[in-house]
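Only heavy atoms go into these numbers, but all of them, side chains included; no hydrogens, no water, no symmetry mates.
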Amino acid sequence: KMREYVFRIIFIALCCVYGAVGFNPTDPDEPFILAEHLSTKSPYFPLSNSSSQTTLPGCRPIFLNFVARHGARQPSGGDIKALEDLQTFVQQNAAKLNAAKYPWLPSWTTPYTEDQSQDLAAAGELQLYDLAKRLAKDYPDIFDAPLDMFHKSFIIRTSEVERTSRSGNSFALGLFENKGILGPARVKSWFSFTHPKETDRELRFFKACPPFVKDVLDNDATYTQSDLWLDKHTPSIAARISADIGVNITKEQVDSVWKACAWEFALTNESSHWCSLLQKDDFLAFEYREDLKFFYESGYGGSSLGYDIACPLLKNMIDIFEAKIHRDEDYKFERARLRFGHAETIVPFLVMMDIFNDSVRYDANTSMDLIKKRTWRSSMITPFAGNIMIMLYNCSERNDGVPYRVKLIHNEREFHSDYPECQGELYCDYNKFKQHFENQELACNFNQLCGFEPKPTPAPAIVGAVVGAITLVVGVGIGFFGGWRGKHIYERKKSYKQLE
């Protein structure tokens, strides 16, 4: 009954969502969908369904490499503090606020507490649980494993963080429900593993690489363009909202208004409170601000280090494909590797694979025409529970000289890669797919990229001498155009952490 109640609430909320807030800027005839413009705070809505999943005669899926961002979470400590300050502002000005137009405003209090900072929210649990149910339905060749080997068929890997671990468990519950003997739902227990935060090079590489932290995340120049963009647009937004609510607010408080709106919507589907103070163009301005942050942190606008450090993840995927193709006994039963990480896992991985590359260097002065047409939109690239799948197919029955193929799937939507080797085919020749990455991404050395010195390997003694290993430490620099923004590095660390 509780499950049915929850689904009813979600259904009602979705009905409200898709009828809200203005018009699509790229097509005035299409409705503006708020859920698709909240950057990394966007809730997850599947972009496809089983009826749109194609098949290729003579091919059957044999392995799925999967990586997802965690589901919707509670705000970070930094955002909680910003909303507490917003609450104080409201309380101090309650008598002056336009209660006739916004009756909820004078008594508003923030519902978020520090002790739940960044924890997975109920909405996030449902996002991953439901995703597992849909994938099991859409890809039965992968997920209809023999019950006695079910626990060996699906290996779950998460980063060492509460929200990712629980996201993996929520997905697993959707997958392992009715497969065992435990409890009323007859759940089968599952296996999952992780690595310590400091050394996780597969799912949390962005925090395991000191040069990236120092030269990119802690570098104010990374955020020059996003700051310039916000400085251009928030004064007019602040002026309009001030006139609307009857009290002057600063441009910094406008950012808090947007955060309050985004978190309310992401976690409760509420759009009639803080979101009602913002207009269509405001949402688009804040979305592009967030897109510029990612563009220069780990996207096409910054140092290649920002996405090269995702290479261990791709290497691991290719290694598993090779093991399946060559019938490695260690992978005899495994059908899918299911990984759960962060927005900062998904974005550089997709960039390394040259996906969502508009071949435009976006900045604060990019024309509105290019901004409107961009595919580089974090709202669609990495919403809560956003995911990327690479499916390996056995196509030996086709007898066309291509025994194995791969297909790319992003947020449950199939898409054609632009790799020349694939020649525009949705089902790309696996060997050509691998060839596309062999000379660069698969040849990368994380130790060298990130300045680590591997343990020396002593050489054999020659004339009483031992030849020591020499380690080349690669220093990585980063260059950005635009001026320096003089903000304290601590604020940058805090801002970056809020995205995870």
Side-chain angles (χ1 to χ4, degrees), residues 6-7 9-11 13-14 17 33-50 64-76 118-139 143 154 156-159 161-177 192 203-204 262-269 290 294 313 336-350 355-356 377-390 408-415 498-500:
V6 170
F7 274 120
I9 293 297
I10 293 176
F11 177 78
L14 289 179
V17 168
I33 301 173
L34 178 58
E36 296 181 356
H37 296 280
L38 294 176
S39 186
T40 57
K41 298 177 182 64
S42 293
Y44 182 77
F45 296 107
L47 299 180
S48 188
N49 56 58
S50 57
L64 170 63
N65 264 310
F66 171 93
V67 58
R69 185 190 177 197
H70 57 75
R73 61 163 174 82
Q74 298 291 335
S76 66
Q118 295 190 295
D119 285 357
L120 188 69
E125 292 181 278
L126 282 171
Q127 287 163 352
L128 274 304
Y129 176 91
D130 292 338
L131 175 59
K133 293 294 187 185
R134 288 193 302 274
L135 295 186
K137 179 181 178 182
D138 289 350
Y139 300 101
F143 291 102
F154 309 104
I156 297 170
R157 162 83 161 84
T158 76
S159 68
V161 177
E162 180 270 354
R163 57 191 175 277
T164 56
S165 180
R166 289 179 59 206
S167 291
N169 288 339
S170 298
F171 186 98
L173 182 59
L175 190 60
F176 285 74
E177 201 171 40
S192 63
L203 296 177
R204 208 169 160 80
W263 285 118
E264 278 189 332
F265 191 88
L267 301 182
T268 68
N269 289 297
E290 298 298 302
F294 271 113
L313 177 56
R337 182 65 58 92
L338 308 168
R339 305 169 182 84
F340 300 87
H342 307 262
E344 295 81 8
T345 309
I346 300 293
V347 173
F349 180 74
L350 290 173
I355 298 172
F356 299 110
R377 292 182 51 232
S378 53
S379 302
M380 306 304 290
I381 295 172
T382 181
F384 286 125
N387 54 84
I388 179 75
M389 296 183 272
I390 308 180
L408 305 180
I409 306 160
H410 175 252
N411 292 350
E412 300 175 71
R413 180 176 62 187
E414 302 173 336
F415 67 94
Q498 291 169 13
L499 296 175
E500 295 179 27

For the residue pair T40 / T382, report whether a side-chain donor-acceptor contact shorter than 3.5 Å exists.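 No, no side-chain donor-acceptor contact under 3.5 Å.
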
Do Y44 and N387 have side-chain atoms, one donor and one acceptor, less than 3.5 Å apart?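 Yes, a side-chain donor-acceptor pair sits under 3.5 Å.
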
What's the shortest heavy-atom distance between [X] and [Y], and which atoms?
X    : Y    : result
W263 : R73  : CZ3-O, 3.1 Å
A136 : L175 : CB-CD1, 4.3 Å
A123 : A72  : CB-CB, 4.2 Å
I156 : G168 : CD1-O, 4.1 Å
S379 : S39  : OG-N, 2.7 Å
A121 : L267 : CB-CD2, 3.6 Å

Is there a side-chain contact between [X] and [Y] in this structure, where contact means two heavy atoms from C-beta onward sitting under 4.5 Å apart?
X    : Y    : answer
L173 : E125 : no
I409 : F415 : no
N411 : F45  : no
Q74  : R163 : no
L408 : M389 : no
R337 : F66  : no
E412 : L131 : yes
S170 : L126 : no

Measuring from [X]:[atom1] to [Y]:[atom2], what's the distance to the nearest 0.5 Å?
X    : Y    : atom1 : atom2 : result
S42  : F265 : OG    : CZ    : 8.5 Å
T164 : R157 : OG1   : CZ    : 9.0 Å
I346 : I355 : CD1   : CD1   : 10.5 Å
F384 : S167 : CZ    : OG    : 10.0 Å
L338 : T158 : CG    : OG1   : 11.5 Å
L120 : S165 : CG    : OG    : 10.0 Å

Classify the ring geometry between F154 and F176 as parallel (under 30°), tilted (30 to 60°) or perpendicular (over 60°). perpendicular

Can you say whether the rings of H410 and F356 are parallel (under 30°), tilted (30 to 60°) or perpendicular (over 60°)?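 Geometry flag for F356 against H410: perpendicular rings.
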
Pair V161-R204, side-chain contact (heavy atoms from CB on, under 4.5 Å): steps then yes or no: CA-CA 10 Å; V161 177; R204 208 169 160 80; 3.7 Å; yes

Ring pair (Phe, Tyr, Trp, His ring centres under 6.0 Å), paired with F171, selected from Y129, F143, F340: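 It is F340; the other options fail the test.
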
Does this structure show an ion pair linking E36 with R377, if we count only N-O contacts that are shorter than 4.0 Å? no

Using the side chain to side chain donor-acceptor pair (under 3.5 Å) rule, pick out the option among H70, H342, R339 that qualifies with S159. H342

Treating K133 as the side-chain partner and G174 as the backbone partner, does any N or O pair qualify as donor plus acceptor under 3.5 Å? yes

